[in-house]
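Order of the sequence lines fixes the chain letters, A, B, ..., with proteins taken first and strands second; residue numbering starts at 1 for each chain. Because the structure is predicted, anything quoted here is derived from the model rather than measured.
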Number of protein chains: 2
Amino acid sequence: MSRPTLKAIAKRAGVSVATVSRALSGRGRVDETTRQRILRIAEELGYAPDMAARSLVLRRTENVGFLIHALQSLSPHTFYGEILTAVERELRRHRYHLQFATVEDEALPALIKENRVDGLLLVGCDLPASLIQGLKERGLPVVLVDNHVPGVDSVFTDNTGGAFQATAHLIRLGHRRIAFIAETLDNLSFRERLEGYRQALEAHGMPFDPALVAEGERGFEGGFLAMSTLLQRARPTAVVAANDPTAASAMRAIRAHGLRIPEDIAVVGFDDDPLAVHTEPPLTTMRVFRSKMAVLAVARLLDLIKNPEQPALHIRIETQLIIRQSCGSPLT
Amino acid sequence: MSRPTLKAIAKRAGVSVATVSRALSGRGRVDETTRQRILRIAEELGYAPDMAARSLVLRRTENVGFLIHALQSLSPHTFYGEILTAVERELRRHRYHLQFATVEDEALPALIKENRVDGLLLVGCDLPASLIQGLKERGLPVVLVDNHVPGVDSVFTDNTGGAFQATAHLIRLGHRRIAFIAETLDNLSFRERLEGYRQALEAHGMPFDPALVAEGERGFEGGFLAMSTLLQRARPTAVVAANDPTAASAMRAIRAHGLRIPEDIAVVGFDDDPLAVHTEPPLTTMRVFRSKMAVLAVARLLDLIKNPEQPALHIRIETQLIIRQSCGSPLT
DNA sequence: TATATTAATGGAAATATTTTCAATAAAACC
DNA sequence: GGTTTTATTGAAAATATTTCCATTAATATA
């Protein structure tokens with residue numbers, strides 16, 4: 001009643017296990033008629049190779065680890081959820097499997113020490129640098145997703161360029177007092193977006209005013225808090241939010257102050273989160289290509305697994321301005 | 001430079017691999033001083049057991065599969081994201097690992113055929129019954145999470161009871177024309193919630209009016225659509241939404257019709273999603289204990305892995321009414 | 001002191017697969 | 001027809017671990 005092995009197939013087919021292995025794997029030659037017979041018997045018995053035995057001799061697991069910081073996790077940002085499912089689908093296409101793990105500290109997850117994965121996707125920019133370094137030293141193929149550090153392969157979003165575009169859009173619409181808010185600046189992506197905002201002001205000969213930058217706190221409340229504190233000390237005509245949840249929650253704060261969107265304050269978000277179409281008014285935002293990021297990261301990782309000695313590649317994906325109603329469309 | 005093996009440790013310690021294995025695993029006796037010596041050497045060499053070799057001989061992987069339907073996935077419902085991270089944390093506490101996979105059709109995932117997992121968590125009620133049946137027949141330990149069918153262990157939410165409570169709350173507040181909306185009724189949980197609503201009406205001697213039930217479509221737009229169509233044919237004073245995203249999006253539809261919440265229409269959601277505190281007004285909802293569900297499911301599954309021959313257990317977790325402002329608090 | 005008991009250890013088998021090497025059989029060539 | 005080449009196959013080694021069984025050494029008992 002237990003799972004059929006090569007041996008069982010060999011016995012039935014009256015050949016050796018070596019031949020069966022060759023027939024099924026396609027490596028090495030085997031007579032066409034016996035190959036057919038073996039394939040048929042394997043099918044009949046519902047044979048599937050035992051992963052443990054195979055990975056013992058082959059020294060690979062056909063598993064890829066998906067590591068994410070416990071803080072960041074999958075909620076409330078659906079952001080990484082989308083990446084996770086896209087990664088899994090893409091891996092599956094290549095007959096690979098996904099080990100999911102969150103890391104809470106700097107310790108190497110057991111996944112790695114115990115040889116459970118052939119490579120790793122390190123997702124998000126909250127993973128400790130020491131961990132990344134430790135993995136690199138182990139010689140395990142690693143690709144950073146939505147993050148980048150020198151010396152390690154990465155696939156990430158052009159945050160700076162995106163925020164530049166978003167800010168430039170507001171400037172184009174005539175805004176001169178533009179604010180920037182984030183849940184936290186404790187995060188590389190958000191700092192890069194701040195930098196893009198700054199560069200856009202500079203490129204248009206506008207001053208950077210620190211009073212127009214506000215930070216809230218990590219989590220769903222962040223945008224509300226940031227916007228509220230900002231409104232107490234300044235009165236911008238537009239605001240760039242570090243991401244869409246922040247923007248959505250900032251919109252509530254704006255409204256709570258008795259101001260209208262976009263008439264009094266225009267808002268632009270970042271990420272093109274599913275929620276962006278459902279804010280009141282719908283949110284103009286920078287689209288981030290999450291599944292594209294996933295597909296490219298998987299492709300790169302599988303390539304590194306096959307062929308480890310390669311110079312690091314850094315793949316930056318541009319964003320796209322999606323115009324909705326939160327800035328007052330230039331078309332109306 | 002490759003990973004140290006038992007053999008390497010044995011050589012250094014001047015003992016056999018059998019002794020090293022015993023010393024490290026703690027099974028079988030070994031002299032205390034040599035055990036210390038072996039432990040020290042293993043530590044020095046940074047030894048970690050090779051998972052493939054171990055799982056080959058032990059016939060277990062210390063892996064648990066987390067299966068979810070591709071449709072349902074992790075987004076836009078952060079719901080399953082929270083369960084996923086909670087499950088992973090709990091598994092890690094027990095030195096188990098998580099294989100994440102989405103299923104698109106009825107085929108047995110390779111995970112299972114190739115012996116990559118010791119057991120499975122089947123999450124959500126969108127997985128095809130034929131798949132569940134197929135797994136059961138393979139004799140693999142399985143626990144359903146947020147779903148239940150006869151004959152298979154399960155941990156799930158008391159949807160019927162929760163919707164009963166939610167509806168009863170509205171009745172207590174004096175409402176007599178209470179509607180029910182869902183993205184779709186193509187989903188067991190949502191049908192159970194409808195059933196709870198129905199039972200509550202019945203228990204209070206109120207008629208069930210099909211005109212007060214509306215379905216939208218799967219996805220973020222669902223609630224808006226359902227509420228809009230409902231408002232075209234009826235004018236309830238309160239509405240029970242099948243989940244919080246539906247409720248949030250229904251609130252936009254209500255406002256779009258020029259009606260106020262809760263003065264014209266009271267709204268109650270379900271799930272206590274993170275977004276519930278951020279709607280305008282904050283949403284009264286039924287709290288669902290996601291991480292509790294995760295912890296119980298993991299515990300049950302690990303128990304089944306250790307001891308497979310047990311009658312199926314069905315663990316139902318009650319919900320809790322969280323009163324915010326979307327129904328008009330009874331306290332004000 | 002001789003015998004019985006207990007503790008500690010090593011050898012070897014077992015797990016399921018892949019791959020190398022050698023052997024055999026068949027075909028091709030001179 | 002004998003020799004060389006080629007195709008097909010099987011035996012065996014290798015992968016890293018656990019565990020059974022036997023052996024040795026040490027201790028306790030008579």
**Message:** What is the separation between atom CG on A:Leu56 and atom P on D:dT17, rounded to the nearest whole Å?
**Reply:** 9 Å

**Request:** Output, in order, the C-alpha distance, side-chain angles, deciding distance and verdict of side-chain contact (heavy atoms from CB on, under 4.5 Å) for B:Met293 and B:Thr157.
**Result:** CA-CA 8 Å; B:Met293 198 146 61; B:Thr157 293; 3.5 Å; yes

**Asked** To the nearest 10 degrees, how far apart in direction are the end axes of the helix from C:dT1-D:dA30 to C:dC30-D:dG1, each fit to five base pairs?
**Response** 50°

**Asked** Looking at DNA chain D, which of residues 22-40 of chain A put a heavy atom within less than 4.0 Å of it?
**Response** A:Arg22, A:Arg29, A:Val30, A:Asp31, A:Thr34

**Asked** Which listed nucleotide (C:dA16, D:dT18, C:dT17) is nearest to the side chain of A:Leu6?
**Response** C:dT17

**Asked** What residues in residues 42-54 of chain A put a non-hydrogen atom under 4.0 Å from any atom of DNA chain C?
**Response** A:Tyr47, A:Pro49, A:Asp50, A:Ala53, A:Arg54

Quiz: residues 301-313 of chain A side-chain donor-acceptor pairs under 3.5 angstrom, not counting sequence neighbours:
residue, atom, partner, partner atom, Å
A:Asp303, OD2, A:Arg300, NH1, 3.4
A:Gln310, OE1, A:Arg300, NH1, 3.0
A:Gln310, NE2, A:Asn307, O, 2.7

Please table the atom pairs, donor to acceptor, closer than 3.5 Å between any side-chain atom in residues 129-146 of chain A and protein atoms at least two apart or in another chain.
residue, atom, partner, partner atom, Å
A:Ser130, OG, A:Glu106, OE1, 2.6
A:Asp146, OD2, A:Tyr80, OH, 2.8

**Request:** Could you state the atom-to-atom distance from CZ of B:Arg59 to P of C:dT17 in whole Å?
**Result:** 8 Å

**Message:** Please pick, from D:dT18, C:dT17, C:dA16, the nucleotide with the shortest atom-to-atom distance to any side-chain atom of B:Val57.
**Reply:** D:dT18

**Item:** B:Arg59 atom CZ, neighbour heavy-atom count above 12 within 6.0 Å
**Value:** yes

**Asked** Taking DNA chain C as the partner, which of residues 10-21 of chain B come within under 4.0 angstrom of it by heavy atom?
**Response** B:Gly14, B:Val15, B:Ser16, B:Ala18, B:Thr19

**Fill in**
With sequence neighbours left out, the residues meeting side-chain hydrogen bond (donor to acceptor under 3.5 Å, both in side chains) with B:Arg95 are none

**Request:** Could you check A:Val87, A:Val64, A:Val155, A:Leu98 and say which one makes a side-chain contact (heavy atoms from CB on, under 4.5 Å) with A:Val298?
**Result:** A:Val87

**Complete:** Taken to the nearest whole Å, CG/A:Leu58 to P/D:dA16 is 13 Å

**Request:** Name all residues meeting the side-chain hydrogen bond (donor to acceptor under 3.5 Å, both in side chains) criterion together with A:Glu114; count only those two or more places apart in sequence or in a different chain, and write none if there are none.
**Result:** A:Arg116

**Item:** A:Thr61 backbone acceptor or donor facing A:Arg54 side chain under 3.5 Å
**Value:** no

**Message:** I need the CD-P distance between A:Glu62 and C:dA16, as an integer number of Å.
**Reply:** 18 Å

**Residues in side-chain hydrogen bond (donor to acceptor under 3.5 Å, both in side chains) contact with A:Tyr96, at least two apart in sequence or another chain** = A:Asp118

**Request:** Provide the full list of salt bridge (charged side-chain N to carboxylate O under 4.0 Å, His left out) pairs with a residue in residues 30-40 of chain B, sequence neighbours left out, each pair given once.
**Result:** B:Arg40-B:Glu44

**Request:** Quickly work out the B:Arg60 CZ to C:dT15 C1' distance and round it to whole Å.
**Result:** 14 Å

**Asked** Which residue pairs pass the ring pair (Phe, Tyr, Trp, His ring centres under 6.0 Å) test with at least one member in residues 112-156 of chain A, sequence neighbours excluded?
**Response** A:His148-A:Phe156

**Request:** Over 60° means perpendicular and under 30° means parallel, so classify the ring planes of A:Phe66 and A:Phe100, tilted if in between.
**Result:** parallel

Can you list, pair by pair, the side-chain donor-acceptor contacts under 3.5 Å of residues 9-27 of chain B, counting residues two or more places apart and other chains?
residue, atom, partner, partner atom, Å
B:Ser16, OG, B:Ala18, N, 3.4
B:Ser16, OG, B:Thr19, N, 3.3
B:Ser16, OG, B:Thr19, OG1, 3.2
B:Ser25, OG, B:Ser21, O, 3.0
B:Ser25, OG, B:Arg27, N, 3.2

